[in-house]
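Structure first, commentary second.
Counting from 1, the numbers follow the sequence of the chain as shown.
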Amino acid sequence: KDIIENLTVEVKTKGYDGILLKGPSDLDFIVEYACRRQGLAYVKDDNFPGKVFLLYSENYLPGEEEKQKGSNFLQSLLI
């Protein structure tokens, strides 16, 4: 919980508008709660208009195509 809380603080400090949790996770409710505490959107799909931090869930491994596909508004972190 503390790691996720710290992550949301850092994401907010770096100017992101929300966090997209990619893949199924047992931690989704903690991520959603931490986002709300920091005033970040808990993004449900790729169509969010703001600057989004992409967080891969503990149950999701990105494919090679996804790893190579860069984006100016997405950052990734594997937890």
Side-chain angles (χ1 to χ4, degrees):
K1 178 183 171 219
D2 292 336
I3 291 170
I4 292 171
E5 293 264 352
N6 291 338
L7 173 70
T8 57
V9 168
E10 187 175 334
V11 166
K12 178 74 173 188
T13 301
K14 291 186 177 187
Y16 288 91
D17 301 311
I19 294 178
L20 178 119
L21 180 60
K22 187 86 169 192
S25 176
D26 294 332
L27 305 174
D28 60 343
F29 67 97
I30 296 173
V31 175
E32 184 173 15
Y33 175 75
C35 283
R36 271 189 278 150
R37 285 181 47 120
Q38 292 303 317
L40 295 166
Y42 181 63
V43 180
K44 305 281 186 185
D45 60 47
D46 294 335
N47 296 323
F48 184 77
K51 185 177 178 185
V52 176
F53 184 91
L54 177 60
L55 179 65
Y56 290 118
S57 80
E58 72 278 10
N59 297 310
Y60 185 86
L61 292 175
E64 282 305 313
E65 181 180 312
E66 193 171 3
K67 287 180 190 176
Q68 293 175 5
K69 180 175 54 171
S71 176
N72 294 332
F73 67 96
L74 293 180
Q75 293 287 329
S76 64
L77 175 67
L78 183 61
I79 61 168

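Taking every heavy atom of both residues into account, Val31 and Leu55 meet most closely at CG2-CD2, 4.2 Å. Across all non-hydrogen atoms, the minimal contact from Gly18 to Val11 is O-CG1, 4.4 Å. In this structure, Cys35 and Thr8 approach most closely via the heavy-atom pair N-CG2, 4.1 Å. For Leu27 against Glu58, the heavy-atom pair with the smallest separation is CD1-OE1, 4.1 Å. Residues Phe48 and Val43 approach most closely at CB-CG1, 3.5 Å, considering heavy atoms.
Note that the OG1 atom of Thr13 and the CD atom of Glu10 stand 7.5 Å from one another [nearest 0.5 Å]. Summarising the geometry, atom CD belonging to Glu32 is positioned 4.5 Å from atom NZ belonging to Lys44; distances are rounded to the nearest 0.5 Å.
Looking only at distances, no side-chain donor or acceptor of Glu5 sits under 3.5 Å from a matching main-chain atom of Arg37.
Under the 4.5 Å side-chain criterion, counting only non-hydrogen atoms from C-beta, Leu40 is not in contact with Phe53. Between Asp28 and Tyr42 there is a side-chain heavy-atom pair separated by less than 4.5 Å.
Within the cation-pi definition used here (under 6.0 Å to the ring centroid, within 45° of the axis), Lys51 qualifies as a partner of Tyr16.
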